[in-house]
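Take a look at the structure set out below.
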Amino acid sequence: MELQRRHPDEKDPLLTLATRKCLFRLLSFLDSRLPSCFAIYSFVLATLQAAYPSFRVYYRRKSISTSSSRDLEEDDYSLIIGIRLEHFVDSNKQLKKLWNLIAWTLDDDEANERVVASALDELDMIDWKTDVFEMRYKHYTQPPAITNFLIDKQGPRMDNKYYYPCNQYYFPMKEALNIKIREIDGVYVKSLERCHAQMVRDHWSLPFREQTTIEHVSEEIELLPSAGVFLKENNELVSWMMCWTPNGMSRLNTLEEHRRKGYAALVTEYLSKRIAQSGLVPYVNIRLGNEASHNFFESMGFKLLCPTHFMVAFPDSCRLPSCSAIYSFVLATLLTANPSFRVYYRRHCTSTSSSSDLEEDDYSLIIGIRLEHLIDSNKQLKKFWNFVAWTLDDNEANERVMASALNELDMIDWKTDVFGMRYKHHSQPPAIKEFLIDKQGPRMDTKHCYPCNQYYFPTKDALNIKIREIDGVYVKSLERCHAQIVYDYWPYRENTSIEHVADEIELLPSAGVFLKENDEPVSWMMCYTPNGMSRLHTLEEHRRRGYAALVTEYLTKRVAQSGFVPFVHIVVDNDASHKFFKSMGFKLLCPAHVLVAFPDSW
């Protein structure tokens with residue numbers, strides 16, 4: 001099967017999907033090049049043995065022979081690509097395709113890297129706008145030709161493309177076949193079964209667990225060699241390792257309470273031998289910085305072969321979690337149907353051909369704005385416009401577009417109203433600063449900028465949080481009657497009102513820890529659109545008892561259950577909060593800032 005993406009004038013051979021007969025020829029070709037090409041060798045052999053439609057191998061010949069079919073079979077290959085279709089569930093609970101790819105080229109230079117990029121362009125079953133793409137290739141860094149290709153196909157964002165430099169180790173096949181499996185009292189070792197897939201996935205480290213499913217782990221256990229250590233007394237699985245094509249031996253884990261008993265060494269020995277007996281080459285990819293794993297595999301007799309890297313690239317259409325703030329605002333606007341929430345947008349391009357085309361256009365700007373009120377120093381009620389913005393690209397041109405959009409919001413009286421804004425970076429964009437000076441006046445002492453870091457909690461993990469129990473207290477959502485105490489202890493209360501706090505408690509997820517003896521709230525947290533999870537506080541006399549962690553766990557799970565992304569903004573110099581949210585499992589997402597701008601008339 002030859003793909004039809006080739007230009008008629010091109011002289012390069014076509015990229016061809018390997019038949020079963022071709023797979024045998026490829027193995028013969030690669031066999032003489034072992035161990036340097038064992039990763040692609042193992043993929044080709046797994047494709048042959050598994051006979052599974054999700055495994056595909058493509059190749060390109062170094063030259064095309066026309067003299068005879070015999071000559072054609074003996075031609076060299078310049079490029080071999082192994083690709084496997086997997087699936088995962090994204091943060092919106094949508095099933096997405098994930099293409100797992102490994103490439104081998106005859107020579108190691110820029111010209112061949114361009115050949116790989118060209119070959120990727122011929123894989124027309126991949127939808128680069130929606131599918132996720134993983135790749136393993138030589139060197140610690142991604143080749144420029146591949147980077148440029150992905151930017152062209154998926155979009156210019158780099159924060160959704162992740163690179164993991166690794167060292168590749170292998171165990172010589174002859175030596176692996178001669179391994180004598182050790183015996184350890186109280187346990188036995190054997191291959192895993194499909195029923196063990198849940199446990200393997202549950203203990204697989206983030207973020208990799210998010211990029212697979214239990215079904216795929218089950219298939220790998222069924223199709224490829226694996227190993228598990230089991231307790232003799234109850235057949236409990238306590239240590240395991242398996243194969244994950246095209247990553248080699250992977251997912252090694254021993255339960256915490258069973259470590260330092262030699263179980264990891266036992267499963268590694270057993271799996272190395274099983275792999276060699278299956279005709280595969282035992283190998284692993286170890287991320288740089290993971291010194292414990294480097295030392296372990298070297299002690300087991302694995303030999304360093306070469307540098308490599310593992311890359312995961314999400315298309316720009318997969319914008320979560322980077323756009324968590326505006327996503328949450330749009331969802332809150334939809335769910336609450338509250339007239340104080342408004343969302344405005346600007347399209348990236350305007351389609352005139354049909355309404356269907358119009359719906360599929362990209363957006364270049366999305367603005368969420370909420371009307372609140374506050375009481376000024378003269379006890380006058382003032383409008384406070386709370387604003388969050390998202391732009392397609394992160395550059396000065398889009399910041400000017402945003403300033404232009406603000407100018408179109410004619411319901412704001414810039415001479416009397418207060419304006420709050422959350423946006424990227426630790427400092428205010430010059431275009432916004434100039435706009436506010438033009439609209440509100442030149443005074444800077446009335447414009448307060450708070451640099452922050454934005455953290456988020458992966459939605460899937462949030463849904464699996466097990467809420468802790470603490471003696472003497474219980475946790476539940478807040479009620480409107482709790483708005484007064486939340487307001488009284490909020491350090492920025494001059495910028496809001498009790499009524500608005502009550503509305504947020506009523507409309508959005510919240511959490512409070514209450515004493516069982518008198519139902520008194522002693523710790524709480526709530527959602528404050530567009531600021532995310534906010535207003536965390538524990539009464540002084542009830543601190544250091546785990547209550548803040550309890551309300552954070554509860555609210556994080558409630559936020560995820562409501563379809564939102566759990567996220568927080570932490571002011572840069574608030575070291576205690578940074579440490580706390582990191583300890584709770586929140587991950588640093590990006591720098592941001594909160595701006596509160598009062599007009600010069602104040």
Side-chain angles (χ1 to χ4, degrees), residues 156-159 319 322-326 328-329 342-346 348 363-374 376-377 382-455 491-492 494-496 528-532 534 567-574 588-602:
R157 287 177 54 207
M158 297 305 294
D159 63 322
R319 294 186 167 89
S322 63
C323 65
S324 301
I326 191 66
S328 295
F329 193 98
R342 304 182 189 185
V343 175
Y344 297 85
Y345 64 88
R346 180 171 286 171
H348 185 53
Y363 299 94
S364 61
L365 173 69
I366 303 173
I367 291 174
I369 191 164
R370 180 185 180 188
L371 174 60
E372 300 184 30
H373 293 87
L374 58 86
D376 68 8
S377 57
K382 295 291 185 180
K383 290 181 179 180
F384 180 19
W385 299 96
N386 221 327
F387 169 101
V388 62
W390 171 88
T391 52
L392 180 62
D393 298 315
D394 185 13
N395 54 39
E396 290 185 13
N398 275 284
E399 290 163 2
R400 289 193 295 272
V401 167
M402 185 165 54
S404 170
L406 292 179
N407 198 36
E408 296 180 44
L409 300 174
D410 52 12
M411 68 284 198
I412 301 177
D413 185 338
W414 296 100
K415 296 298 183 185
T416 61
D417 298 350
V418 182
F419 175 74
M421 175 177 172
R422 285 146 192 86
Y423 192 59
K424 311 169 188 176
H425 316 302
H426 282 156
S427 57
Q428 186 180 354
I432 304 299
K433 184 177 180 180
E434 292 167 7
F435 171 82
L436 291 175
I437 289 173
D438 177 60
K439 291 292 184 179
Q440 294 185 316
R443 284 178 56 194
M444 298 306 297
D445 61 323
T446 57
K447 298 170 180 63
H448 309 286
C449 188
Y450 305 95
C452 304
N453 284 328
Q454 191 176 72
Y455 293 83
Y492 304 104
E494 69 272 10
N495 295 333
T496 191
Y528 171 39
T529 304
N531 209 50
S534 184
F567 73 96
V568 292
H569 284 106
I570 308 296
V571 176
V572 167
D573 58 5
N574 188 345
L588 179 63
L589 182 63
C590 63
H593 71 273
V594 178
L595 166 74
V596 181
F598 296 85
D600 281 11
S601 58
W602 281 54

Rounded at 0.5 Å granularity, tell me how far [atom1] in [X] sits from [atom2] in [Y].
| X | Y | atom1 | atom2 | result |
| --- | --- | --- | --- | --- |
| Cys590 | His426 | SG | NE2 | 8.5 Å |
| Glu399 | Gln428 | CD | CD | 10.0 Å |
| Tyr450 | His593 | OH | NE2 | 12.5 Å |
| Leu365 | Ser404 | CG | OG | 9.0 Å |
| Phe598 | Asp376 | CZ | CG | 9.5 Å |
| Ser427 | Lys433 | OG | NZ | 9.0 Å |

Exercise for the section: Applying ring-ring contact (aromatic ring centres under 6.0 Å, His included) between Phe419 and each of Trp414, Trp385, Phe435, Phe384, report the one that passes. Expected result: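 With Phe419 as partner, Trp414, Trp385, Phe435, Phe384 yield a single ring-ring contact (aromatic ring centres under 6.0 Å, His included), made by Trp414.
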
Indicate the atoms forming the closest heavy-atom contact of [X] with [Y], along with that distance.
| X | Y | answer |
| --- | --- | --- |
| Pro442 | Ile437 | CA-CG2, 3.8 Å |
| Ile367 | Phe387 | CG2-CE1, 3.0 Å |
| Ala403 | Ala431 | CB-O, 3.9 Å |
| Leu589 | Ser324 | CD2-OG, 4.3 Å |

State whether the side chain of [X] and the backbone N or O of [Y] hold a donor-acceptor pair below 3.5 Å, judged by distance alone.
| X | Y | answer |
| --- | --- | --- |
| Asp417 | Asp413 | yes |
| Gln454 | Leu588 | no |
| Ser534 | Tyr528 | no |

Hey, does [Y] have a side-chain heavy atom less than 4.5 Å from the side chain of [X]?
| X | Y | result |
| --- | --- | --- |
| Met402 | Met421 | yes |
| Thr446 | Pro599 | no |
| Pro451 | Val572 | yes |
| Pro530 | Asn386 | yes |
| Arg422 | Leu595 | no |
| Asn531 | Val568 | no |
| Arg370 | Phe329 | yes |
| Ile366 | Val343 | yes |

Problem - Pair Tyr423-Thr391, side-chain donor/acceptor within less than 3.5 Å - result: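 Looking only at side-chain atoms, Thr391 and Tyr423 do form a donor-acceptor pair, the distance falling under 3.5 Å.
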
Handout entry: Residues Lys383 and Thr416: side-chain donor-acceptor under 3.5 angstrom
Key =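 Side chains of Lys383 and Thr416: no pair found under 3.5 Å.
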
Problem - Sidechain N-carboxylate O distance under 4.0 Å for Glu434, Lys439 - result: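 No salt bridge links Glu434 with Lys439.
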
Handout entry: ring-ring contact (aromatic ring centres under 6.0 Å, His included) partners of Phe567, counting only residues at least two apart
Key =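 Expected list: His569.
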
Practice task
Report the C-alpha distance between Cys452 and Val571 in whole Å, list the side-chain angles of each, state the deciding distance to 0.1 Å, and finish with yes or no for side chain to side chain contact (heavy atoms under 4.5 Å, CB included).
Solution key: CA-CA 4 Å; Cys452 304; Val571 176; 4.3 Å; yes

Problem - Step-by-step side chain to side chain contact (heavy atoms under 4.5 Å, CB included) determination, Val596 to Val418 - result: CA-CA 7 Å; Val596 181; Val418 182; 4.1 Å; yes

Exercise for the section: Take Glu372 and Leu374, measure what side chain to side chain contact (heavy atoms under 4.5 Å, CB included) needs, and give me the verdict at the end. Expected result: CA-CA 7 Å; Glu372 300 184 30; Leu374 58 86; over 6 Å; no

